[in-house]
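Keep in mind it's a predicted model, so treat the numbers as computed, not measured. In what follows, residues are counted from 1 in the order of the sequence shown.
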Amino acid sequence: MNERRERLELHGMSCANCSQTIEESVSALDGVREVDANFATDEGSVTYDPETVSLREIYDAIEEAGYEVASETVTVAITDMTCSNCAASNEESLLGTPGVVDADVNFATDEAKVTYNPAEASVEDIYAAIEDAGYSPVRAVDESEGESAQEHQDAARNEEIRRQRNLTLFGAALSIPLLAMLAGHLFAPAWMETTFEGIPLGWIAFALATPVQILLGKEFYENSYKAVVKNGTANMDVLIALGSSTAYLYSVARLLGFPGEGLYFDTAALILVFITLGNYLEARSKGQASEAIRQLLEMEADTATVVRDDGTEEEVPLSEVEVGDRLKVRPGEKIPTDAEVVDGDSAVDESMVTGESVPVSKGPGDEVIGATVNRNGVLVVEATKVGEETAIQQIVQRVKDAQSRQPEIQNVADRISSYFVPAVILNALFWGGLWYAFPEALSGFVTSLPLWGLAAGGPGAVGVFEFAVVVFASAVLIACPCALGLATPAATMVGTAIGARNGVLFEGGDILERVRDVDAVVFDKTGTLTEGEMELTDVVALPATDGGRVDGDVAADGGALAEPEATEEFVLEVAASAESASEHPLAEAIVEGARERGINVENPEDFENVPGHGVKATTSHGRVLVGNRKLLREEGVDVDPAAEAMDRLEREGKTAMLVALADEGRDEYRLLGVVADADTVKPSARDAVAALRERGVDVWMITGDNERTATAVAEEVGIDPDNVMASVLPEDKAEAVEDIQSDGRRAMMVGDGVNDAPALATAFVGCAIGSGTDVAIEASDVTLMRDDPLDVLKAIRVSEGTLSKIKQNLFWALGYNTAMIPLASLGLLQPVLAAVAMAVSSVSVLANSLIFRRYTPDEDYRLLGFLR
């Protein structure tokens, strides 16, 4: 057993039982031999067999037990990957490094996202693992020196683009004369045996092709060595090295007297030139595909005008702004960081962050988002978030995370690619050997084909062995898996960028894929379909409900006076005083409504919140209940006198609450009246529901409101009353979502991301609808930056368009290989033409993905039916 021992930094333990729970949870995993958790030091260790259980599984076991274990995540750029097999080699090397928990290497972004245990591994260990795999990591920079990590990575990418361009130009300059030789080789093979100024053309071709073979071929040979010797695998570079060196070495052997009919120096050189040109174009396309990150970062302001305590103003770099600083923002300037307006009124253009095209009015107390543009008035704002905590930085991180997590469909491409290169080499050897062994039989089969002879005129024209070599070189060159490896990540990069540009953030490429399959959307009501800003609309005072005492007065007959009818002002004063300790939107609306009416609102002496039902409080008036029917009935209050008022208000779509009071010295509550709040339905809610239903999506609504209120809102937005789940407590929403999904539905839960967190996590897709400043909602898979339910349609459309583009890319990549491999195997392709076709295939997949950048999700993405 190849055991490994890891030290762990544990968090969340409060007693010895906690450490025992961790030990039991981890010990239950197969492959774990010993585990120790020390409550006193918050440290632990585990000895395990990495071939049986992964460090990721150990971390998951600790977290499922309810505790935390320290980890850090870093993204490292890698400059010299040439195909998805290279990414797989890096991933394998990283996962084999002690202390590495997770590793995800993305060929399209040229990045590795690595999560590691800081007690056992460091960033240097990650660099070393990448180098051990034979690749070059872009090392981090000290940002205090003026260059950001993104700028450093961009510089490395640009340097790679320049290098590929220079190699292409150098190879092309030497290969231009070889093009004439190629034409001669194709149409008059004997022409290569002539001389120029007394020098045989063959030796001139050798002199031109050799520098190309050395300089352009160097990286392919080095990468092939790393792949085969270091990593025990075969990648694209192996195919290119085999194809080019076969043509070159055969030609050298011919010059030295080996029997044959032709020379292939032109083919050997042009193969490398075309492949290098393809790499150059591919590198440029990758840069364009990842441009979304740079564009987001460029939105940030470079400087900020800080207002000092003495009233003076100073312009400082954005990195020097701290939370609490007051900043002046003039018309036309970018708001430097997330902040709250403390003075001034203006309209702010938030389109670059939220996708909202109409400028939003801002005044004192309003939140503003960093990188948005102040349109007219001067604003003074107080910084609330800086650096990585700002919305724009969280969006950037969310987009990076999404691009690093690939859709499940990528697994299909990865499985194909892992077997593809060995299969291609075996196929090339098989057909090369077959042509050598049975040239006449195969010639009889293929001579009737219209493309016959493009390779070298057939074995009869160039010789049996030479033709077998040509077939081998063509077959290995034509079947490069680059296009297959780029098909999914390239489209995912563009899709996540389109989403971010339109205020829709996906947690990962796997989520981007999943959203398309949603067949039911479940909306939370308050703050999702409605504005979420409750206001007091009605106060109803009820007649006296018993004959209790009133201030000790006695009737003439010696009996108690009848209870007086409460006034609306008194009902509201009692309700508002009880609710003033609550933070619930319904309570805040009651308190605000009372103050607007000039009613004195006091603080309760005692307060209890009853989730989903109401509040209990003690005020100077006595003991108070404000809540629904269930709360009052449990306290023995007869709610029937309020039935008519409650029914009327609820049919109007209002949230009605009963108010009961037990005066000082009284044990029983008496029903005083009813207060009602209303929430305005969002203007786009009906359009969103209608568009979803038109797509065949089942639309539901979940709310804690009573059935009458919920039904009224559902009818207003167009949701079938049968699809309304009312009086659902926050803790029961997850169970309600499970019920909806119990018959196989794939539901998207759309909520505010805080109170609805369990339901968001339970749903097939959790979608948090946000305000643009709180974008890192852990429970959600998708975050909508705007409070617009129509953006649910945008998320679905971006997902549908991206998956359509992925399928289109895979179709062409697989179709290309399916069509070209047989042609090369049958001797119908010259090796140089195979190299051109291979380079074009990769570039075409990237170009097809880049075309998708122009898509805007305001309408459905249409493609041919078989690609949807």
In this structure, CD1 of Ile126 is separated from OG1 of Thr75 (nearest 0.5 Å) by 9.5 Å
Polar side-chain atom of Asp338 near backbone of Thr390 as donor-acceptor pair, under 3.5 Å: no
Rounded to the nearest 0.5 angstrom, the CE-OG distance for Met748 and Ser799 is 8.0 Å
Return yes if some donor-acceptor pair links the side-chain N/O of Thr97 with the main-chain N/O of Ser93 below 3.5 Å, else return no. yes
Minimal heavy-atom distance between Ala133 and Ser89, with the atoms involved, is CB-O, 4.1 Å
Smallest heavy-atom separation, Val782 atom then Ala795 atom, equals CG1-CB, 4.4 Å
* Asked: Above 12 or not: heavy atoms from other molecules or residues under 6.0 Å from CG of Asp743?
  -> yes
Q | Close side-chain approach of Asp781 and Phe506, heavy atoms under 4.5 Å | A | no
Closest non-hydrogen atoms of Ala747 and Gln741, given as atom of the first, atom of the second and distance, are N-OE1, 3.3 Å
Between Glu91 and Lys113, is there a side-chain N and carboxylate O pair less than 4.0 Å apart?
no
Please determine whether side-chain contact (heavy atoms from CB on, under 4.5 Å) holds for the pair Tyr59 and Leu8, giving the CA-CA distance in whole Å, both sets of side-chain angles, and the decisive distance to 0.1 Å.
CA-CA 10 Å; Tyr59 267 56; Leu8 305 172; 4.1 Å; yes
Sorted by chain and number, sequence neighbours left out, salt bridge (Lys or Arg N to Asp or Glu O under 4.0 Å) with Asp60 holds for Arg56
*Do Ser849 and Asn809 get their side chains close enough for a donor-acceptor pair, meaning under 3.5 Å?*
yes
Check: Val105 and Leu94 side chains under 4.5 Å, non-hydrogen atoms: yes
Between the CD atom in Gln808 and the NZ atom in Lys805, the distance rounded to the nearest 0.5 Å is 4.5 Å
- Task: Verify, without hydrogens or angle tests, whether Thr52 (side chain) and Gly31 (backbone) share a donor-acceptor contact under 3.5 angstrom.
- Result: no
Minimal heavy-atom distance between Val697 and Val518, with the atoms involved, is CG2-O, 4.3 Å
Do the side chains of Asp698 and Arg745 get close enough for a salt bridge, i.e. N-O under 4.0 angstrom? yes
Pairwise side-chain contact, Pro611 with Asn609, heavy-atom cut-off 4.5 Å (strictly under): yes
| request: Flag the pair Val798 / Val504 as yes when at least one side-chain heavy-atom distance between them is below 4.5 Å, and no otherwise. | output: no
Polar side chain donor-acceptor pair, Arg5 to Ser45, under 3.5 angstrom = yes
Would Arg33 and Glu3 satisfy side-chain contact (heavy atoms from CB on, under 4.5 Å), going step by step from the backbone distance to the final call? CA-CA 9 Å; Arg33 186 173 66 81; Glu3 287 187 338; 2.6 Å; yes
| message | Looking at Val728, is its backbone amide N or carbonyl O close enough to the side chain of Asp732 to form a donor-acceptor pair, meaning the two atoms are under 3.5 Å apart? | response | no
Exercise. Measure from the side-chain N and O atoms of Ser27 to the backbone N and O of Glu24, and report whether any donor-acceptor pair falls under 3.5 Å.
Key: no
Discussion item. Donor-acceptor check, side chain of Asp102 to backbone of Tyr116, threshold 3.5 angstrom: yes or no?
Written reply: no
Contacts of Ala28 meeting side-chain contact (heavy atoms from CB on, under 4.5 Å) (sequence neighbours excluded), chain-then-number -> none
Going by heavy atoms in the side chains, are Ile806 and Thr492 under 4.5 Å from each other? yes
Closest non-hydrogen atoms of Glu6 and Gly99, given as atom of the first, atom of the second and distance, are OE2-N, 2.8 Å
Notebook entry, point to check: How about Tyr67 and His11: do any of their side-chain heavy atoms sit closer than 4.5 Å?
Noted result: no
Output for pair (Asn117 CG, Asp125 CG), nearest 0.5 Å, gives 11.0 Å
All heavy atoms of Leu505 vs all of Met785, minimum pair found to be CD1-SD, 3.9 Å
Side chains of Val76 and Val138 in contact at under 4.5 Å (non-hydrogen atoms):
no
- Query: Please walk me through it: do Leu784 and Cys767 pass side-chain contact (heavy atoms from CB on, under 4.5 Å)?
  - Reply: CA-CA 7 Å; Leu784 306 181; Cys767 181; 3.6 Å; yes
Non-hydrogen side-chain atoms of Ile740 and Trp700 separated by less than 4.5 Å:
yes
OG1 of Thr21 to CD of Glu64, rounded to nearest 0.5 Å, is 14.0 Å
Exercise. Under 3.5 Å, side chain of Asp42 to main-chain N/O of Asn38, donor-acceptor pair present?
Worked result: no
Please determine whether a side-chain nitrogen of the Lys or Arg among Lys226 and Asp237 lies less than 4.0 Å from a carboxylate oxygen of the Asp or Glu. no
Working note: Ile22 + Leu10, criterion side-chain contact (heavy atoms from CB on, under 4.5 Å); need CA distance, chi angles, decisive distance, verdict.
CA-CA 10 Å; Ile22 292 175; Leu10 303 171; 4.2 Å; yes
**Prompt:** Taking atom CD of Glu23 as the centre, does the number of heavy atoms from other residues, nucleotides or ligands within less than 6.0 Å exceed 12?
**Reply:** yes
In this structure, CZ of Arg797 is separated from OG of Ser804 (nearest 0.5 Å) by 13.5 Å
Using a strict 4.0 Å threshold on nitrogen-to-oxygen distance, state whether Arg7 and Glu120 make a salt bridge. yes
- Is Arg514 salt-bridged to Asp517, going by a charged N under 4.0 Å from an acidic O? no
Next item on the list: Would you check, one step at a time, whether the test salt bridge (charged side-chain N to carboxylate O under 4.0 Å, His left out) holds for Glu131 with Arg139?
Entry: CA-CA 11 Å; Glu131 290 169 345; Arg139 294 178 177 268; 2.9 Å; yes
### Modelled atom types, side-chain donor and acceptor of Thr73 and Thr115, under 3.5 Å
yes
